[in-house]
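Chain letters run A, B, ... following the sequence lines, proteins first, then strands; residues in each count from 1. What you see below is based on every heavy atom in this structure, not just the backbone, and it leaves out hydrogens, waters and symmetry mates.
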Amino acid sequence: MIWSKSLVPTLREDPRQAENVSHKILLRAGFVRPLASGLYNYLPFGLKVCQKVTQIIREEMNRIGGQEMHLSALSPRSMWERSGRWNAFGDDMFRLKDRKQQDLALCPTHEEVMALIASKELRSYKELPQIWYQFQTKFRDEPRPRGGVLRTRQFTMKDSYSFDLDYEGLDASFKLHSEAYSRMFSRMGHDFFIVQASGGLMGAGESHEFMVEASSGEDISLVCPECDYRANAEVAEGRPVSSPALDSKKEKIHTPGLKTVEEVSGFLGVKPSQLVKSILFVKDGKPLLVLVRGDYDFSEEKLKRAFGTGLEPAENEDAEKHMGASLGFLGPQGVDIDIYADISLETADIFAAGANEDDYHILGISLSDDANIKEYMDLRTVRAGDGCPNCKGSLQEKRTIELGHIFKLGTKYSEAMGANVLDAEGKEHPIVMGSYGIGVERSMAALIDRYYKNDVMAWPVAVAPYEVQIVSLGENEVSGRFYKELASDGLDVALDDRDMAPGAKFADADLIGIPYRIVVGPRGLKQGKVDIRKLATDETINVAVDDVVTKVSQMISAEKD
RNA sequence: CGGGGAGUAGCGUAGUCCGGUUUAACGCGCCUGCUUUGGGAGCAGGAGAUCGGAGGUUCGAAUCCUCUCUCCCCGACCA
């Protein structure tokens with residue numbers, strides 16, 4: 001790469017719209033340019049990094065027997081209706097009509113398409129297992145794109161799908177992917193860890209996310225410092241912190257207009273943890289009261305899993321009808337609808353709660369005597385300080401970026417699309433599937449977050465846009481010679497031959513982050529020497545002109561192993 | 001969708017409250033010439049903006065009013 005003939009539009013100042021580190025550097029280093037909200041153009045250097053990330057993923061996918069294919073990004077409505085996701089995706093799916101007024105979707109993911117292929121092409125258990133993958137542009141009309149390239153409306157995903165005869169096979173495919181992912185992310189230079197996760201829209205089976213800690217992350221992961229328990233906050237379990245028992249006789253108190261936990265606990269002079277938060281839901285027309293300790297929040301994910309998807313928060317009129325009071329004054333005592341309580345309420349028996357009468361709360365109710373609780377379950381969002389479910393440790397919260405996600409899908413899509421095979425007995429079975437995704441551009445952003453320090457970016461060699469950069473300080477002849485020799489040694493080399501002030505060239509080089517830098521200037525050449533700098537450690541060595549090529553090749557190949 | 005912020009030259013900003021001394025300013029970048037070359041060079045000259053858009057108020061609007069578009073950040077979704 002010869003800089004004077006290339007497009008590397010670096011920016012001296014932070015662009016106005018960029019807030020987090022990766023966004024700033026991607027723009028300033030001329031890797032990407034915004035087109036519209038959540039849409040980016042990838043300029044040569046940005047593409048280069050994405051290609052290196054892609055190639056690492058490809059190699060590791062091939063290593064576990066993955067077969068690369070390329071599916072259509074456009075898909076017909078009928079296909080999505082078979083799985084029920086034409087509706088399930090809602091506004092997140094980009095939809096359009098063709099000239100015949102037929103509905104099409106830009107695929108947000110490809111479970112259906114893959115299952116459809118399987119349904120047409122796979123007949124026998126003898127053909128299983130299979131792993132198919134692709135790199136594909138995904139389209140999702142995100143409610144809020146953010147963080148530059150971290151969450152966009154169009155992005156490249158490596159998505160793979162496994163096809164097995166049974167669940168033991170799925171477990172094996174899942175494990176293969178988990179190992180492949182660990183190898184890929186290690187090779188890229190991520191400090192990742194694996195957390196238990198929720199399947200979301202994809203499915204309900206076991207799922208793991210590959211996370212890196214980052215201040216710009218969108219997820220909260222709960223991590224036990226004393227054992228290996230790691231989980232996304234959506235699904236994390238934990239032991240609730242204890243709460244001092246409420247020492248109070250039963251007493252009804254006038255609390256006009258006070259509805260929230262903060263208002264009520266403040267007014268009554270009790271801790272939030274001594275209050276019962278009661279939320280009324282309606283499912284299929286039936287009321288359902290769920291309780292959590294006042295200092296915790298409900299986990300929507302857990303509610304969904306416990307009670308299904310048709311769960312709607314009650315309107316005020318439902319509350320009047322079933323509880324005899326408005327929202328904000330509900331409590332579990334003396335009502336005969338189904339009541340489910342979070343396990344945080346097992347830490348004590350005496351609480352304060354809504355009185356089931358407008359503008360009144362009640363102190364000193366006993367959950368065991370006064371409330372008819374059907375079941376205690378895990379319904380709350382676990383938070384830092386809660387006890388680890390596996391050991392005596394207490395959980396910590398970390399803000400994380402989700403690099404990849406692996407799911408056990410089961411037969412949801414194979415059944416929907418009719419993907420069946422015959423087993424050894426000639427009996428037909430739906431194929432057991434898994435699905436596994438990695439966001440390519442996001443990995444690039446996470447690496448910037450990780451490796452940008454003190455105004456210098458230093459890409460890991462494995463994913464750097466180029467491996468070594470020659471900064472020519474008016475010495476283009478010698479520099480050109482190094483360039484040719486390094487390139488013919490098989491190195492990915494960039495040559496900054498621009499006629500600019502040295503400071504400006506160094507500043508650009510710091511921004512771009514090519515991990516090794518050869519500085520060729522008149523000062524060094526007078527002694528027959530040039531400098532080789534390793535950006536990651538900020539070490540510079542002074543080498544004789546004749547040794548430069550071998551030395552640099554050595555340093556880089558050492559790092560590749 | 002709810003809450004917050006911002007749109008002025010390629011980029012970053014000032015000016016906006018309190019209309020007119022503004023032919024819209026400054027830094028960087030860009031073009032020409034000469035000089036310079038180990039951490040964002042110097043001098044001289046030059047190009048570049050219908051101040052996000054539409055309407056209105058006014059003798060006069062970047063500045064006031066109305067509507068509208070876009071972008072960013074914080075929350076509900078996901079690679």
Side-chain angles (χ1 to χ4, degrees), chain A residues 9-20 23-24 27-28 30 33-39 53 57 88-93 108-110 135-160 181 197-202 207 209-212 216-219 232 234 297 300-301 304 400-407 435-446 455-456 471-476 498-511 517 519-526 529-531 533 540 542:
Chain A
T10 55
L11 269 21
R12 188 161 178 171
E13 287 162 295
D14 287 337
R16 198 205 315 257
Q17 79 258 23
E19 203 98 339
N20 67 303
H23 194 191
K24 281 180 188 170
L27 290 168
R28 287 191 53 201
R33 287 292 180 261
L35 179 63
S37 180
L39 301 175
V53 168
I57 297 173
F89 266 111
D91 288 338
D92 284 2
M93 188 144 84
T109 178
H110 283 77
F135 292 90
Q136 176 62 272
T137 305
K138 306 293 185 190
F139 298 88
R140 296 181 188 175
D141 196 358
E142 294 290 342
R144 181 157 90 84
R146 66 173 89 183
V149 127
L150 275 178
R151 167 161 229 85
T152 53
R153 297 194 293 172
Q154 172 183 338
F155 62 97
T156 310
M157 180 158 105
K158 185 288 299 178
D159 48 323
S160 52
Y181 275 36
S198 136
L201 254 186
M202 300 302 167
S207 99
E209 287 167 335
F210 290 72
M211 296 290 199
V212 285
S216 57
E218 301 179 273
D219 291 282
N232 190 308
E234 289 175 345
D297 292 319
E300 291 199 19
E301 187 65 34
K304 217 183 279 175
T400 49
I401 295 173
E402 180 187 345
L403 297 175
H405 197 162
I406 58 181
F407 310 83
S435 123
Y436 316 87
I438 296 178
V440 172
E441 298 88 347
R442 177 180 282 190
S443 235
M444 169 170 73
D455 299 323
V456 177
V471 177
S472 163
L473 302 178
E475 299 289 353
N476 284 351
R498 296 172 300 170
D499 181 21
M500 286 176 64
K505 302 182 80 162
F506 292 140
D508 273 349
D510 289 346
L511 204 47
R517 180 187 307 168
V519 180
V520 185
R523 204 175 74 188
L525 286 185
K526 254 181 227 154
K529 299 223 167 161
V530 302
D531 288 338
R533 162 132 63 156
T540 301
N542 197 241

Sub-3.5 Å pairs of nitrogen or oxygen atoms, protein against nucleotides 70-74 of chain B:
{"from": "B:C71", "atom 1": "OP1", "to": "A:Ser37", "atom 2": "N", "distance (Å)": "2.8"}
{"from": "B:C72", "atom 1": "OP2", "to": "A:Ser37", "atom 2": "OG", "distance (Å)": "2.9"}
{"from": "B:C72", "atom 1": "O2'", "to": "A:Gln17", "atom 2": "O", "distance (Å)": "3.4"}
{"from": "B:C73", "atom 1": "OP1", "to": "A:Gly147", "atom 2": "N", "distance (Å)": "3.1"}
{"from": "B:C74", "atom 1": "OP2", "to": "A:Arg144", "atom 2": "NH1", "distance (Å)": "3.2"}
{"from": "B:C74", "atom 1": "OP2", "to": "A:Arg144", "atom 2": "NH2", "distance (Å)": "2.9"}
{"from": "B:C74", "atom 1": "N4", "to": "A:Arg144", "atom 2": "NE", "distance (Å)": "3.3"}

Nucleotides 24-28 of chain B: which of its N/O atoms have a protein N/O under 3.5 Å away?
{"from": "B:G27", "atom 1": "N2", "to": "A:Glu13", "atom 2": "OE1", "distance (Å)": "3.2"}

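If you check every strand for non-hydrogen atoms under 4.0 Å, A:Gly404 touches sugar and phosphate atoms only. Contact annotation for A:Pro34: no contact, since no heavy-atom pair falls under 4.0 Å across all strands. Using a 4.0 Å heavy-atom cutoff across all strands shown, A:Leu403 reaches sugar-phosphate atoms only and no base atom. Nucleic acid contact for A:Arg28: base, since at least one base atom lies under 4.0 Å from a heavy atom of the residue. Within 4.0 Å (heavy atoms only), A:Asp14 reaches sugar-phosphate atoms of the nucleic acid but no base atom. Residue contacts shown for A:Ser216 are absent, as no nucleic acid heavy atom lies under 4.0 Å away.
Salt bridge present: A:Asp510 and A:Arg517 bring a charged side-chain N and a carboxylate O closer than 4.0 Å.
Here the CE-CG distance, from A:Met93 to A:Asp141, works out to 11.5 Å after rounding to the nearest 0.5 Å. Between atom CG of residue A:Asp159 and atom NZ of residue A:Lys138 there is a gap of 3.0 Å, rounded to the nearest 0.5 Å. Between the CD atom of A:Glu209 and the CD1 atom of A:Ile406 there is a distance of 10.0 Å, given to the nearest 0.5 Å.
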| Pairing string, 5' to 3', for RNA chain B - Watson-Crick or wobble contacts under 3.5 Å, brackets [ ] where pairs cross, | to another strand | ((((((((.[[[[.)....(....]]]].((((((.....)))))).....[[[[[..)....]]]]])))))))....
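Comparing B:G40, B:A76, B:A41 by their nearest atom to the side chain of A:Ala501 picks out B:A41. Of all nucleotides listed (B:A76, B:A79, B:G40), B:A79 comes nearest to the side chain of A:Phe155. Of all nucleotides listed (B:G38, B:A79, B:C77), B:A79 comes nearest to the side chain of A:Thr152.
Across B:U21 and B:A61, the matching P atoms stand 12 Å from one another, rounded to whole Å. B:A9 and B:U35 have their C1' atoms separated by 29 Å, given to the nearest Å. Spacing between B:U8 and B:A49 at atom P, rounded to whole Å, works out to 14 Å. The same atom, P, is picked in B:U70 and in B:U32; the two are 39 Å apart, to the nearest Å. Here the separation of B:C51 from B:A14, taken at their C1' atoms, is 13 Å to the nearest Å. Of the C1' atoms belonging to B:G3 and B:C65, the separation is 25 Å, rounded to the nearest Å. Separating the C1' atom of B:G15 from that of B:C31 is a span of 28 Å, rounded to the nearest Å. Using C1' as the reference atom, B:G20 and B:A6 are 28 Å apart when rounded to the nearest Å.
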Using residues 502-509 of chain A as the side-chain source, report each donor-acceptor pair under 3.5 Å to any protein atom, sequence neighbours left out, with the distance given to one decimal.
{"from": "A:Lys505", "atom 1": "NZ", "to": "A:Ser472", "atom 2": "O", "distance (Å)": "2.6"}
{"from": "A:Lys505", "atom 1": "NZ", "to": "A:Asp496", "atom 2": "O", "distance (Å)": "3.1"}
{"from": "A:Lys505", "atom 1": "NZ", "to": "A:Arg498", "atom 2": "O", "distance (Å)": "2.6"}
{"from": "A:Asp508", "atom 1": "OD1", "to": "A:Thr10", "atom 2": "OG1", "distance (Å)": "2.9"}
{"from": "A:Asp508", "atom 1": "OD2", "to": "A:Thr10", "atom 2": "OG1", "distance (Å)": "3.3"}
{"from": "A:Asp508", "atom 1": "OD2", "to": "A:Arg498", "atom 2": "NH1", "distance (Å)": "3.2"}
{"from": "A:Asp508", "atom 1": "OD2", "to": "A:Arg498", "atom 2": "NH2", "distance (Å)": "3.0"}

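Put simply, CZ on A:Phe210 is 19 Å from P on B:C78, counting in whole angstrom units. When the C1' atom of B:U37 is taken as reference, atom NZ of A:Lys505 falls 10 Å away, rounded to whole Å. The CD-P distance, from A:Glu218 to B:C78, rounds to 11 Å in whole Å. If you measure from atom CG of A:Leu473 to atom P of B:U37, you get 12 Å, rounded to the nearest angstrom. Separating the CG atom of A:Asp508 from the C1' atom of B:G40 is a distance of 9 Å, rounded to the nearest angstrom. In this structure, the CG atom of A:Asn232 is 11 Å from the C1' atom of B:C78, given to the nearest Å. Taking atom CD of residue A:Glu301 and atom C1' of nucleotide B:C78, one finds them 11 Å apart after rounding to whole Å. Across the protein-nucleic acid pair, A:Glu209 atom CD and B:C77 atom P stand 13 Å apart, rounded to whole Å.
The backbone N or O of A:Lys158 sits nowhere less than 3.5 Å from a side-chain atom of A:Tyr436 that would complete a donor-acceptor pair. Between the side chain of A:Lys526 and the backbone N or O of A:Gly521 there is no donor-acceptor pair closer than 3.5 Å. In terms of modelled atom types and a separation under 3.5 Å, the side chain of A:Ser207 and the main chain of A:Ala197 share a donor-acceptor contact.
Residues forming a salt bridge (charged side-chain N to carboxylate O under 4.0 Å, His left out) with A:Asp531 (at least two apart in sequence, or on another chain): none.
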| field | Criterion side chain to side chain contact (heavy atoms under 4.5 Å, CB included) on A:Gln17 and A:Leu27, from CA distance to verdict | value | CA-CA 10 Å; A:Gln17 79 258 23; A:Leu27 290 168; 4.2 Å; yes
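Only one option out of A:Arg151, A:Arg153, A:Gln154 pairs with A:Glu142 in a side chain to side chain donor-acceptor pair (under 3.5 Å); it is A:Arg151.
Within the 4.5 Å cutoff, the side chain of A:Met211 has heavy atoms near those of the A:Asp219 side chain.
Closest approach of A:Asn20 and A:Ser216 over heavy atoms only: ND2-CB, 3.6 Å. When all heavy atoms are compared, the tightest approach of A:Arg28 to A:Arg12 is NH2-O, 3.2 Å. Heavy-atom minimum distance, A:Glu234 versus A:Ser198: OE1-CB, 3.6 Å. When all heavy atoms of A:Pro9 and A:Arg33 are compared, the closest pair comes out as O-NH2, 2.6 Å.
For the pair A:Val520 and A:Glu142, both in contact range of RNA chain B, the more 5′-proximal nearest nucleotide belongs to A:Val520. Nearer the 5' end of RNA chain B, as judged by each residue's closest nucleotide, is the contact made by A:Arg517, out of A:Asp219 and A:Arg517.
Residues from residues 438-446 of chain A lying near RNA chain B, meaning a heavy-atom separation below 4.0 Å, are A:Gly439, A:Arg442 in numerical order.
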